[in-house]
Amino acid sequence: MKNKDLYIYNSLSRKKEKFEPLNPPFVGLYVCGPTVYSPPHLGNVRTFLSFDIVNRYLLYLGYKVRYVRNITDVGHITNSEGEDIDRIGEQAKKENLEPMEIVQKYTLDFHEVTHIFNMLPPDIEPTATGHVVEQIEMVQRIIDNGYAYVKNYSVYFDIPKFVKDHSYGELSGQNIEEQLEGHRELDAQNEKQDARDFAIWKYADKTHPMRWNSPWGEGVPGWHLECSVMSTKYLGQKFDIHGGGMDLKFPHHECEIAQSIGADGSAPVRYWMHGNMLTMNGQKMSKSLGNSVLPRELITGDHDLLEQGYSPMSIRFFMLQAHYTSTLDLSNEALKAAEKGYKRLMEALKTLENLDLREAKSLSDADQKVNDSIDMAFAELNDDFNTPKALARLFELVTVINSYKDKREEYAGVSKATMERLQKDFRDLVIDILGLQEETAGEDGTMDGLMQLIIDIRQNARTNKDWTTSDLIRDKLNELELQLKDGKDGTTWTKL
RNA sequence: GGUCGCGUGGCCGAGCGGUUAGGCAGGGCUCUGCAAAAGCUCGUACAGCGGUUCAAAUCCGCUCGCGACCUCCA
């Protein structure tokens, strides 16, 4: 019986709350996806990985999850600082392509990256361009309710008007009055009545290839609008979980809330979850700061700040060693440590699966210990998806499993039932929930066969005390990054 | 200036009032033809200063340092 006593840290209440789905066994999960105008960097990967764990664990608990993650394929026009930047359009010019070619190219790239890191795909992956009609309708509803005004073919959300009837800024803890003070002065060409207002429909002239017709003229929908529209369209007016990076809390998520209330009278999200940032040398990794590392660079090691490449699963393990609400700093030393830890964990899994089940003499403390560690691992996950603590529990089990390997302890009196449970749950935790997978070359059986042959030949040499030959084989294999491990039961090998 | 968060042993990183986090690195031992792997084992810690408490890394206050958001950003 799975323990569904899950607690989630809700950014809105700033407390851990017991997770009770609105319509069990169904769970609606929405995560803000990427804007596809450039390859995703590692910071993006971390956020999507965090929610991959959420998705996986909810599935494991038996919920019927509908996981929606959007693709932002409209280059939103920013109007701060007098600039008009449409990132997708800009990139299209730079690469001499159509905007939709840019969108396609980087969407494919994004999918490839999520696949490399073994993330489960969302159940629905809606695009902003595919929901322009719905967005226009939502803008109209907001206007009809009096919370937006039209200015020069653009439509703005009217914050001062909105705050008369509703609260604004609750999620991010923004004080609406003070926020105004902190704002820069509205410049002359700014059409907004108030600095805090934001565009829900933005006029676009002929220089923007990507634009749509609307009751207010040609233009593009506001950035915040797409998430409001697509989340509620597929998950309902009110749904369970909405996630995204910490940096989207304000203004993006705050605006989403205001829009939904403005259009339909109610806040849509029950649990807000925010993943923290990945930092590099103590600073947030971001494209604009120029300190971003691309997944490919990290994997190949082709980056000035990297000493070597790291496998996707090592990177995944590295990220799982920190809680998703904490910042995580990327460094060579930490990555190397993670790489070794990951390999040890996977080795233990392999060892475990090759153990023969047998009836133990008697139940003992060891039995209890194994069951406790397993129970605790799940308890940690129930505590706001605490993957670092769950991993700590798994490593307790690694030690136990390794002690069985040489049969030194005759499974230390662990009962057959416990062993069966260990084999099943350990695998579920590592493979299904944490989403770690085997990385060993993945060839056909040839490699295994060859290695077994070499191991046999070397064993012959060893039996004849021909150390020269046996050491030669071992050392040469080492040069090929293949490691032999001599155990009580014979020799095994791994790729380094 | 406003909002929020962080500062833990050589490194990464949990913990959020009393009990071993864990990974990596380092020391010792066992096993081994030698080594590796594996097992056992050891060490060093909570930025600083006050306060609350029988008891504080954990709560409160101050100081110092760092970061995020307030503008596109996962």
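All chains are named by letter (A, B, ...) in the order of the sequence lines, taking the proteins before the strands, and each is independently numbered beginning at 1. As the structure is a prediction and not an experimental result, all values here were calculated from the model.
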*Where each residue is assigned the nucleotide of RNA chain B containing its nearest heavy atom, which of Met246(A) and Gln283(A) is assigned the position nearer the 5′ end?*
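Whichever sits nearer the 5' end wins; that is Gln283(A).
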*Report the residue (Lys340(A) or Gly244(A)) whose heavy-atom-nearest nucleotide on RNA chain B is the more 5′ of the two.*
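Here Lys340(A) is the residue nearer the 5' end.
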If we take the [atom1] atom in both [N] and [M], what is their distance in whole Å?
N       : M       : atom1 : answer
rC31(B) : rC40(B) : P     : 16 Å
rC6(B)  : rG61(B) : P     : 14 Å
rG28(B) : rU63(B) : P     : 48 Å
rU41(B) : rG23(B) : P     : 12 Å
rC66(B) : rC29(B) : P     : 45 Å
rU19(B) : rA56(B) : P     : 11 Å
rG48(B) : rU8(B)  : C1'   : 15 Å
rC49(B) : rG13(B) : P     : 25 Å

_Please encode protein proximity along nucleotides 5-13 of chain B as a string of B, S and -, counting only heavy-atom distances under 4.0 Å._
------SSS
Just call it for [X]: base, sugar-phosphate, or nothing, with non-hydrogen atoms closer than 4.0 Å on any strand.
X         : answer
Thr399(A) : sugar-phosphate
Ser286(A) : base
Gly275(A) : nothing
Lys249(A) : nothing

Once you round it to whole Å, what is the distance between [atom2] of [N] and [atom1] of [X]?
X         : N       : atom1 : atom2 : answer
Asn44(A)  : rC72(B) : CG    : C1'   : 13 Å
Arg196(A) : rU71(B) : CZ    : C1'   : 16 Å
Met277(A) : rA68(B) : CE    : P     : 10 Å
Lys343(A) : rA38(B) : NZ    : C1'   : 17 Å
Gln459(A) : rG33(B) : CD    : C1'   : 12 Å
Asp384(A) : rG15(B) : CG    : C1'   : 14 Å
Glu226(A) : rC72(B) : CD    : P     : 14 Å
Trp493(A) : rA37(B) : CH2   : P     : 18 Å

*Please name the residue in the list Phe162(A), Tyr156(A), Phe250(A), Phe157(A) that meets the ring-ring contact (aromatic ring centres under 6.0 Å, His included) test with Phe198(A).*
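It is Phe157(A), the one option of Phe162(A), Tyr156(A), Phe250(A), Phe157(A) that forms the ring-ring contact (aromatic ring centres under 6.0 Å, His included) with Phe198(A).
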*Given pairs defined as Watson-Crick or G-U wobble with both distances under 3.5 Å, what dot-bracket annotation applies to RNA chain B, with ( ) intrastrand, [ ] crossing, | other strand and . unpaired?*
((((((((.[[[..)..(...]]].(((((.......)))))....[[[[[..)....]]]]])))))))....
Charged N to carboxylate O below 4.0 Å: is that the case for [X] and [Y]?
X         : Y         : value
Glu90(A)  : Arg87(A)  : no
Arg474(A) : Asp471(A) : yes
Lys389(A) : Glu380(A) : yes
Lys336(A) : Glu333(A) : no
Arg56(A)  : Asp52(A)  : yes

Please determine whether any donor N or O and acceptor N or O are separated by less than 3.5 Å between the side chain of [X] and the base of [N].
X         : N       : value
Arg474(A) : rC34(B) : yes
Asp471(A) : rG33(B) : yes
Asp486(A) : rA35(B) : yes

_When you compare the ring of Phe395(A) with the six-membered ring of rG23(B)'s base, are the centres less than 5.5 Å apart and the planes under 30° from each other?_
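No, aromatic ring not over the base.
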*Partners of Pro295(A) by side chain to side chain contact (heavy atoms under 4.5 Å, CB included), sequence neighbours excluded?*
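Applying side chain to side chain contact (heavy atoms under 4.5 Å, CB included) to Pro295(A) gives Leu42(A), Val45(A), Val113(A), Phe117(A).
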So which nucleotide from [options] ends up closest to the side chain of [X]?
X         : options                   : value
Lys485(A) : rA14(B), rA68(B), rA37(B) : rA37(B)
Arg344(A) : rA37(B), rG39(B), rG22(B) : rG39(B)
Lys389(A) : rG39(B), rG22(B), rA14(B) : rA14(B)
Asn402(A) : rA74(B), rA36(B), rA38(B) : rA38(B)
Arg462(A) : rG33(B), rC70(B), rA74(B) : rG33(B)

*Honestly, is Arg69(A) close enough over Phe51(A), meaning NZ or CZ under 6.0 Å from the six-membered ring centre and within 45° of the axis?*
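Cation-pi check for Arg69(A) and Phe51(A): fails.
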_Distance-minimising heavy-atom pair for Lys151(A) and Glu191(A)_ =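 Taking every non-hydrogen atom into account, NZ-O, 3.3 Å.
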*Single hit among Thr72(A), Asn70(A), Asp73(A), Ile71(A) for side chain to side chain contact (heavy atoms under 4.5 Å, CB included) with Thr35(A)*: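 Of the listed options, the one satisfying the test is Thr72(A).
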*Just do the side chain to side chain donor-acceptor pair (under 3.5 Å) check on Asn276(A) and Thr325(A) with the steps written out, would you?*
CA-CA 5 Å; Asn276(A) 215 138; Thr325(A) 54; over 6 Å; no
_Looking at Glu170(A), I'd like to know if its CD atom is crowded, meaning that more than 12 non-hydrogen atoms belonging to other residues, nucleotides or ligands lie closer than 6.0 Å._
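12 or below, so no.
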_A quick test of your reading: do over 12 heavy atoms of other residues, nucleotides or ligands sit less than 6.0 Å from NE2 of His303(A)?_
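Atom NE2 in His303(A) is packed in, count exceeds 12.
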*Non-hydrogen side-chain atoms of Val103(A) and Met210(A) separated by less than 4.5 Å*: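 Heavy-atom side-chain distance check passes, below 4.5 Å.
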*Worked check of ring pair (Phe, Tyr, Trp, His ring centres under 6.0 Å) between Phe110(A) and Phe48(A)*: CA-CA 11 Å; Phe110(A) 174 66; Phe48(A) 299 123; 5.3 Å; yes
*asked:* My understanding is that only residues two or more places apart in sequence, or in another chain, count here; which of them pass salt bridge (charged side-chain N to carboxylate O under 4.0 Å, His left out) with Arg344(A)?
replied: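 Listed in chain order: nothing, the list is empty.
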_For a side chain to side chain donor-acceptor pair (under 3.5 Å) check, start with the C-alpha distance between His115(A) and Glu112(A), then their side-chain angles and the critical distance, and finish with the verdict._
CA-CA 5 Å; His115(A) 185 250; Glu112(A) 204 179 306; over 6 Å; no
Dump every N/O contact between nucleotides 45-48 of chain B and the protein below 3.5 Å, one line per pair.
none

*Near RNA chain B, which residues from residues 111-120 of chain A have a heavy atom under 4.0 Å away?*
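Result for residues 111-120 of chain A: none.
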